[in-house]
Colleague: 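First, the structure itself, so that you have it in front of you.
Please read these numbers as outputs of a predicted model, since none were measured by experiment.
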Number of protein chains: 2
Amino acid sequence: MTEPTPEQIEKLAIAFERFTRRFKVAEAAAVMQNALNALDIQALLFIDDHPECNLGDVARHLQVALTTMSSSADRLVRRDMIERHRPEANRRSVALTITNKGSQAVAGYVDGYRASCKAMLQALDPVDQTEFLRLTQQISEYDD
Amino acid sequence: MTEPTPEQIEKLAIAFERFTRRFKVAEAAAVMQNALNALDIQALLFIDDHPECNLGDVARHLQVALTTMSSSADRLVRRDMIERHRPEANRRSVALTITNKGSQAVAGYVDGYRASCKAMLQALDPVDQTEFLRLTQQISEYDD
DNA sequence: AGACATACTACGAAGTTCGTAATATTCAAT
DNA sequence: ATTGAATATTACGAACTTCGTAGTATGTCT
């Protein structure tokens, strides 16, 4: 692994700052659409991916206090996005599952995210598209 | 300008999700360090880039209500990160300038951001580094 | 059964956002 | 020079979010 030059890092920082703005805008739009805040959306995405997970799991993943997650769950339940229920196996915990309405919200968010990804790829010609994809994957798999 | 395939989009979405997490963590760390919230940090970055700017400029750029920006400026002034003063040219407005302490906070944030960029580039060999940089710049310049 | 750990909820304090209204200043006519 | 409208910000308060403390219910271990 060779050290990237400061100039390269600088250029990447500028470019990255610019194209991640697109994603922030997309996320903000998703927030507006369902009147959910950023935390609640992230929680919903996690619950969608981890059915029957409990509050502690989500709080740990999102690095917020347990009570904060409890409030978030309250809001999501109130909006019919998720359901709480006590599993017989361990009745101290709550199992969180997504509802149809919650799934739709997730789908909406994911669509927005994909649209941003698509817009990025469309800036490139086909050869560069596959090249960019390869490099991006390599970076995402490289765990320091 | 060819349509990317759904598979490509899907793969990019997954990879992108993963490597942007690094930036979120870096930003969260910056927030912790100075006990500033995300809005205040973004405001500080803008003020650093636009000395003598006024509240409206910042509010418009960050897409928040003017009153929200006023509160943010209160907090930044209270923490000695910026200074407000009334320019003689137009005494209705306030000119915002960064202080030494504010500059240090910006430098800390920028360092964190660059470190993330560097970590990304280090996942690639030198040839791919320049290639990735080229593609990233091309995307950031497209449709702006 | 008792002691302790686990998983969550209730409540309240502190902080953030933003709408409404008020203030100060500038500009443009009259 | 004065009035009126436009501009730029601040004061205030309502609604909401986060999180710490304390409490409840359940599980585990001896």
Colleague: Would you find a donor on one side and an acceptor on the other, under 3.5 Å apart, between the side chain of A/S70 and the backbone of A/T67?
Modeller: no
Colleague: Please evaluate residues B/D80 and B/K101 with respect to the criterion salt bridge (Lys or Arg N to Asp or Glu O under 4.0 Å), reporting the C-alpha separation (whole Å), side-chain torsions for both, the decisive distance (0.1 Å), and the verdict.
Modeller: CA-CA 7 Å; B/D80 283 325; B/K101 198 175 159 200; 5.2 Å; no
Colleague: For a 4.5 angstrom cut-off between non-hydrogen side-chain atoms, does B/F132 reach A/I139?
Modeller: yes
Colleague: Could you walk me through whether B/M81 and B/R75 pass the side chain to side chain contact (heavy atoms under 4.5 Å, CB included) test, one step at a time?
Modeller: CA-CA 9 Å; B/M81 298 284 191; B/R75 292 189 292 271; over 6 Å; no
Colleague: Checking B/N37 side chain against B/D40 main chain: does a donor-acceptor pair fall under 3.5 Å?
Modeller: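 Side chain of B/N37 to backbone of B/D40: a pair is present.
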Colleague: Does the B/Q129 side chain pair with the main chain of B/L121, one donor and one acceptor, at a distance under 3.5 Å?
Modeller: yes
Colleague: Mind checking which nucleotides bracket the chain B contacts on DNA chain D, 5' to 3', with an atom under 4.0 Å from a heavy atom?
Modeller: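 Endpoints of the contacted stretch of DNA chain D: D/dA6 to D/dA11.
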Colleague: Do A/Y109 side-chain atoms and A/L44 backbone N/O form a donor-acceptor pair below 3.5 Å?
Modeller: no
Colleague: Under a 4.0 Å heavy-atom cut-off, which of residues 58-79 of chain B touch DNA chain D?
Modeller: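 Here the set is B/L66, B/T67, B/S70.
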Colleague: Using whole Å, report how far CG of A/N37 lies from C1' of C/dC18.
Modeller: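 My rounded result for the distance is 15 Å.
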Colleague: For DNA chain C, find the residues of residues 83-95 of chain B with a heavy-atom distance under 4.0 Å and give them by number; none if there aren't any.
Modeller: B/N90, B/R91, B/R92
Colleague: For side chain to side chain contact (heavy atoms under 4.5 Å, CB included), just list the numbers for A/V64 and A/Q42, CA-CA rounded to whole Å, side-chain angles, deciding distance to a tenth of an Å, and then say yes or no.
Modeller: CA-CA 12 Å; A/V64 295; A/Q42 291 305 313; over 6 Å; no
Colleague: Taking atom P of C/dA7 as reference, at what distance in whole Å does atom CG of A/L55 sit?
Modeller: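 Taking CG of A/L55 and P of C/dA7, I get 11 Å after rounding.
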Colleague: Is a side-chain N or O of B/Q138 found less than 3.5 angstrom from the main chain of A/A123, in a donor-acceptor match?
Modeller: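 Side chain of B/Q138 to backbone of A/A123: a pair is present.
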Colleague: Keeping A/D49 on the side-chain end and A/F46 on the backbone end, is there a donor-acceptor pair under 3.5 Å?
Modeller: no
